[in-house]
There are 2 protein chains.
Amino acid sequence: MQLTPLTERFVLHFGEMGSRWGINRTVGQIYALLFISPQPLNADEIAETLSFSRSNVSMGMKELMSWRLARMSHRSGDRREYFEAPKDIWEIFHTLAEEKRRREIEPTLSMLREALLATPQTDEERHAQARMREMHELVEMATVWFEEVQRLSPETLEGLMRLGAKVQKVLGFTDKLRGKE
Amino acid sequence: MQLTPLTERFVLHFGEMGSRWGINRTVGQIYALLFISPQPLNADEIAETLSFSRSNVSMGMKELMSWRLARMSHRSGDRREYFEAPKDIWEIFHTLAEEKRRREIEPTLSMLREALLATPQTDEERHAQARMREMHELVEMATVWFEEVQRLSPETLEGLMRLGAKVQKVLGFTDKLRGKE
DNA sequence: TTGAATTTTCAATAATTTTTGAAAATTGTA
DNA sequence: TACAATTTTCAAAAATTATTGAAAATTCAA
């Protein structure tokens with residue numbers, strides 16, 4: 001696939017953003033390319049379009065697949081593997097959130113849970129543990145909430161989001177009465 | 001401040017997690033230390049506790065301040081700067097979300113907005129642009145929604161989150177009727 | 001002002017991460 | 001099974017990022 005100025009900018013942007021997230025430039029660019037490609041691409045096409053080595057693409061695909069941000073497909077009479085990004089943006093959000101939770105939130109929650117089991121030996125430890133408890137409570141609540149919300153269909157979610165503004169208007173009033181902004 | 005096994009584990013965990021987010025190990029550890037510290041710490045104390053060079057701490061503090069995850073304070077009769085992490089976990093969430101939006105979402109949105117202004121020259125470009133439009137719409141909607149939600153007070157938000165489960169139960173039913181998961 | 005205390009900068013070094021090419025492994029088919 | 005096509009692995013090289021110590025800059029009290 002040939003990059004035009006329009007698509008190149010998109011691809012490069014995702015490369016740079018990639019490094020702000022945990023993924024590297026290569027992976028970001030490959031993903032962006034698959035996202036806008038009208039048809040699945042094979043590894044050589046990706047390597048050529050982005051000027052990466054073939055093996056780099058192989059690594060990148062492994063990473064993307066582990067994030068479930070790319071899928072493999074095949075063409076009849078062609079042994080090569082073709083890759084495509086999931087089409088549905090809601091699905092992508094969903095997947096990303098789930099993987100982030102698995103890789104970042106869950107380990108943190110277990111660390112916190114374990115820390116909360118310990119008996120603090122000093123005032124400092126007591127204080128530290130109290131802070132960890134606060135963090136644990138909020139993270140857990142947010143996670144549970146997020147899980148719930150994620151079970152909703154895209155349509156319902158969109159509806160809820162649009163509703164958000166209204167909920168805010170109603171509730172915002174109460175908040176202001178309590179001086180909470 | 002002296003690290004105990006309990007607090008050390010917490011600090012190291014945040015160091016490692018830091019690298020999954022865009023921030024580095026040092027910054028992650030400093031933040032964790034400030035978070036659990038019962039009182040503000042000065043740069044030397046931080047450097048000593050975490051075995052970093054003084055200058056590394058200086059860099060790290062600059063970064064943390066830019067994320068608004070640390071504040072400076074002073075003690076009377078002491079010229080050194082003391083640092084502390086904001087106490088309120090809701091505030092921290094809020095701040096983080098805001099900075100992430102500013103640094104990652106907004107640049108992406110402007111790139112997309114610009115790309116959407118271009119007139120596509122080929123079918124491929126037309127397709128690419130359509131995909132970008134989908135992405136733009138969802139990201140923008142999510143952002144606006146998030147802004148709205150963020151205006152709510154922590155109390156209201158907690159209420160909404162607890163409500164989440166119920167909303168889901170009611171709405172989930174409708175979804176199932178429509179065969180949507 | 002001066003100068004001691006403190007913080008910041010910055011170029012050099014260290015450490016880590018990414019990228020590559022070549023070799024090994026795998027896959028599907030003749 | 002044998003072999004050609006394809007993918008993966010992996011150690012070395014390249015690139016990037018983090019860390020440091022020394023020097024410069026800043027701050028504030030005398």
Side-chain angles (χ1 to χ4, degrees), chain A residues 11-34 40-67 69-84 103-104, chain B residues 11-34 40-67 69-84 103-104:
Chain A
V11 164
L12 293 180
H13 179 90
F14 268 77
E16 285 174 22
M17 275 306 154
S19 32
R20 297 218 183 166
W21 289 58
I23 69 175
N24 69 30
R25 199 167 51 88
T26 315
V27 175
Q29 290 192 11
I30 297 178
Y31 178 71
L33 178 63
L34 292 180
L41 303 173
N42 66 44
D44 286 311
E45 287 169 331
I46 297 171
E48 166 153 31
T49 306
L50 302 176
S51 326
F52 294 143
S53 72
R54 182 50 245 271
S55 56
N56 201 357
V57 171
S58 177
M59 301 287 227
M61 288 318 306
K62 202 164 77 174
E63 174 85 359
L64 276 180
M65 308 271 278
S66 86
W67 281 94
L69 286 175
R71 290 174 184 147
M72 248 164 55
S73 62
H74 289 276
R75 291 189 189 179
S76 54
D78 187 340
R79 255 169 72 179
R80 287 168 299 179
E81 291 169 337
Y82 283 75
F83 299 97
E84 63 187 321
R103 298 171 188 224
E104 294 163 20
Chain B
V11 164
L12 294 181
H13 180 90
F14 268 76
E16 285 174 22
M17 275 306 154
S19 31
R20 297 219 182 165
W21 290 59
I23 69 175
N24 69 29
R25 200 167 49 90
T26 315
V27 174
Q29 289 192 11
I30 297 177
Y31 178 72
L33 179 63
L34 292 179
L41 302 174
N42 67 43
D44 286 311
E45 286 168 332
I46 296 170
E48 167 152 31
T49 307
L50 302 176
S51 325
F52 294 144
S53 72
R54 182 50 242 274
S55 57
N56 201 356
V57 172
S58 177
M59 301 286 226
M61 288 317 306
K62 203 162 76 174
E63 173 85 357
L64 276 180
M65 309 271 279
S66 86
W67 280 94
L69 285 174
R71 290 173 182 146
M72 248 164 53
S73 62
H74 288 276
R75 290 190 189 177
S76 54
D78 188 338
R79 253 169 73 179
R80 288 168 299 178
E81 290 169 339
Y82 283 76
F83 300 97
E84 63 187 320
R103 298 171 188 224
E104 294 164 20

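No hydrogens, no waters, no symmetry mates; every other heavy atom, side chains included, goes into these values. Note on naming: letters A, B, ... go to the chains in the order of the sequence lines (proteins, then strands), and numbering restarts at 1 for each one.
If you measure from atom NE2 of B/His74 to atom P of D/dA29, you get 11 Å, rounded to the nearest angstrom. Nucleotide D/dT8 holds its C1' atom 13 Å from the CE atom of A/Met65, rounded to whole Å. Atom P of nucleotide D/dT6 and atom CE of A/Met61 are separated by 17 Å, given to the nearest angstrom. Atoms CD (B/Glu81) and C1' (D/dT26) sit 10 Å apart, rounded to a whole Å. Distance, A/Ile30 CD1 to C/dT18 C1': 12 Å, rounded to whole Å. Rounded to a whole Å, the CZ atom of A/Arg80 is 15 Å from the P atom of C/dG28. Here the P atom of nucleotide D/dT16 and the CZ atom of A/Arg20 are 16 Å apart, to the nearest Å. As a whole-Å value, the separation of A/Arg75 CZ from C/dT27 P is 22 Å.
Comparing A/Asp44 and A/Arg25 along DNA chain D, the residue whose closest nucleotide (by nearest heavy atom) sits nearer the 5' end is A/Asp44. Ranked by how close their nearest DNA chain D nucleotide is to the 5' end, A/Ser19 and A/Asn42 are led by A/Asn42.
The line from CG of B/Leu41 to CG of B/Leu50 is 9.0 Å long, rounded to the nearest 0.5 Å. Once rounded to the nearest 0.5 Å, the distance linking CZ of A/Phe52 with CE of A/Met59 reads 13.5 Å.
Considering every non-hydrogen atom in both B/Arg75 and B/Pro40, the closest pair reads NH2-O, 3.7 Å. Across all non-hydrogen atoms, the minimal contact from B/Leu34 to B/Phe83 is CD2-O, 3.4 Å. Listed here is the closest heavy atom pair of A/Met72 and A/Glu81: CE-OE2, 3.4 Å. Minimum interatomic distance between A/Met61 and A/Ile46 (heavy atoms only, all atoms of both residues): SD-CD1, 4.2 Å.
An OP1 or OP2 oxygen of D/dT9 is reached within less than 4.0 angstrom by a side-chain nitrogen or oxygen of A/Lys62. Taking 4.0 angstrom as the limit, A/Asn24 places a side-chain polar atom (N or O) nearer than this to OP1 or OP2 of C/dT19.
Below the 3.5 angstrom threshold, one finds a donor paired with an acceptor across the side chain of A/Arg79 and the base of C/dT27.
Nearest nucleotide to the side chain of B/Thr26, out of C/dT7, C/dT18, D/dA18: D/dA18.
For the segment residues 46-60 of chain B, residues with any heavy atom less than 4.0 angstrom from an atom of DNA chain C are, sorted by number, B/Arg54, B/Ser55, B/Ser58, B/Met59.
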Could you give me the CA-CA distance, side-chain angles and deciding distance for B/Trp67 and B/Arg103, then say whether side-chain contact (heavy atoms from CB on, under 4.5 Å) is met?
CA-CA 10 Å; B/Trp67 280 94; B/Arg103 298 171 188 224; 3.2 Å; yes
